[in-house]
> 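Shown below is the structure under consideration.
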There are 2 protein chains.
Amino acid sequence: MAQDRRPAGRSERRAAGERKPREERWAQLLEVATQMFYEKGYDGASLQDIADRLGMLKGSLYYYIQSKEDLLFEVISEVHREGFAVVSSAAGGPGDPLDRLERTIRAHVEHACRNLVPTAVFLHELESLPTARREEILGSGHAYQGVFRDLVAEAQRAGLTRADVDPRVAGLSILGSTNWVYRWFRADGPSTPEEIGAQLAAMAVHGVATADALAARGATVGA
Amino acid sequence: MAQDRRPAGRSERRAAGERKPREERWAQLLEVATQMFYEKGYDGASLQDIADRLGMLKGSLYYYIQSKEDLLFEVISEVHREGFAVVSSAAGGPGDPLDRLERTIRAHVEHACRNLVPTAVFLHELESLPTARREEILGSGHAYQGVFRDLVAEAQRAGLTRADVDPRVAGLSILGSTNWVYRWFRADGPSTPEEIGAQLAAMAVHGVATADALAARGATVGA
DNA sequence: CCCCGACCACCATACGGTCGGTAGGTGTCG
DNA sequence: CGACACCTACCGACCGTATGGTGGTCGGGG
């Protein structure tokens, strides 16, 4: 390849003391890879880029990974596990279905805002994985989507939502509005994650609930 | 390159009569490119792939285009123009702000469902364009987002929405739920584009409107 | 003294892009 | 009416470069 090295000089030996224990390096690698995939996309980010950022040579990466695809899998897998844990824990708590729906949306949005980069990589590059590994992550049930759909369905069985609401479409609508956040949220923007989460949750709840149900929870939720 | 040709044999002359006039070929090229970008992404789809599908050699593509990026630009530009026309036309018609919001969402969703592939390419690959050309398409005002935000804002000025609704966030929420559709809509699925459009529109309107405004339009909109 | 963590040289491949050519149709002019 | 020029649409060989991936090597800390 003749150009396996970093752009410029550096002909002297790598500075001593940069050797790090495996675990630490591995975490660093995941972090750097996530960032690179975010900036350039999976195809656009080369192992060279990642190695450069880590201060290693490209070949050395293969001490930690088997292939580039494995790296993506690892990154995405971790993001999904975390996010799903947050969401399903919020959905499982106490309260009536509308309360839980509201809380779950807030949790999801806040988590996405605070983990913008990994979230973006997850939503963008999931499809860069071959189908098999993709479904290994999602679980064949498309779990994320199921959480919201099930909450709406449960609310509907309790008579808390309008009759013409389709829980499946409603769930996907909520997922869409919350998963869109990573595209426009800026930490230095006019709204905090909490505010955005509260707004989106309120819109979703009002979007599906009956007038009665809304009136009943009027004491808890403003206006 | 030595391997510029299609995978297998085909050593005989190209079947006669495949020559097409410029305009027709250009349309075909845009269509094939859109499809390939959809299937493999911009980076993943090679000019070789596109040429193969057209029954040409890669080099011949340069009779029609200047660069691969130009091709993407053309594709995305066309999609955006169409979609934006649909949406802003719906938003501009008669009716009170909530009516127009509802109609606009329906139009947007139905258009997206009926143009799944181009829509997906637009939403996925917009960021594969360099910033300059991206903004040339979007117009620096992020027009799409503005349409929904403005409709909500107008409704709010007319006292039709809850006071705590932030038009900016509401607009982005609507954009998110509608732009998510391309990820799950299937023509052979359980819902038609019209049904989905109506559902999402109803959720959005209920999501922002006051109880009074909803009661007032009860005659027009079910439940 | 061993083996961890990394170096370095090296493939094969595939890509975007360039360029000189050429077959066939069309127009033109004697 | 025929021959000659010219344009359109495409061919096919080629270039430079970057990429993912491999394998052999080696210093130094436990």
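Below, chains carry the letters A, B, ... as their sequence lines are ordered, and counting in each starts from 1. Since the structure is predicted, the reported quantities are computational estimates derived from the model, not experimental observations.
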> Counting distance alone, no hydrogens or angles: does the base of D:dG12 have a donor or acceptor under 3.5 Å from a partner atom on the side chain of B:K58?
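In this structure, the two groups form no donor-acceptor pair.
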> Is any NZ, NE, NH1 or NH2 atom of the basic residue among B:E74 and B:R133 found under 4.0 Å from an Asp or Glu carboxylate oxygen of the other?
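No salt bridge links B:E74 with B:R133.
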> Under 30°, 30 to 60°, or over 60°: which ring-plane class applies to A:Y42 and A:F37, parallel, tilted or perpendicular?
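Perpendicular.
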> Does the side chain of A:R25 get closer than 4.0 angstrom to OP1 or OP2 of C:dC4 through an N or O atom?
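Indeed not, no polar side-chain atom of A:R25 lies that close.
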> Taking OP1 and OP2 of D:dA9, is either one under 4.0 Å from a side-chain nitrogen or oxygen of B:Y63?
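Answer is yes, contact under 4.0 Å.
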> Atom CG of B:D70 and atom P of C:dT18: how far apart are they, to the nearest Å?
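Between P of C:dT18 and CG of B:D70: 11 Å.
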> Partners of A:E39 by side-chain hydrogen bond (donor to acceptor under 3.5 Å, both in side chains), sequence neighbours excluded?
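Once residues adjacent in sequence are excluded, the partners of A:E39 under the side-chain hydrogen bond (donor to acceptor under 3.5 Å, both in side chains) criterion are A:Q35, A:R53.
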> Which residues pass the side chain to side chain contact (heavy atoms under 4.5 Å, CB included) test with B:E127, not counting sequence neighbours?
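Per chain and number, B:E127 pairs via side chain to side chain contact (heavy atoms under 4.5 Å, CB included) with A:H124.
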> Under 4.0 Å between a side-chain N/O of A:S60 and OP1 or OP2 of C:dG5, yes or no?
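No.
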> To the nearest Å, give me how far apart CG (A:L54) and C1' (C:dC7) are.
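Whole-Å distance recorded here is 15 Å.
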> Figure out the CG/C1' separation between A:L61 and D:dG23, and round it to whole Å.
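Whole-Å distance recorded here is 16 Å.
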> Among the candidates C:dA6, D:dC10, D:dG21, find the nucleotide nearest to the side-chain atoms of B:M56.
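Nucleotide nearest to B:M56's side chain: D:dC10.
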> On the nucleotide D:dC10, are OP1 or OP2 found under 4.0 Å from the side-chain N or O atoms that B:Y64 carries?
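Yes, within the criterion.
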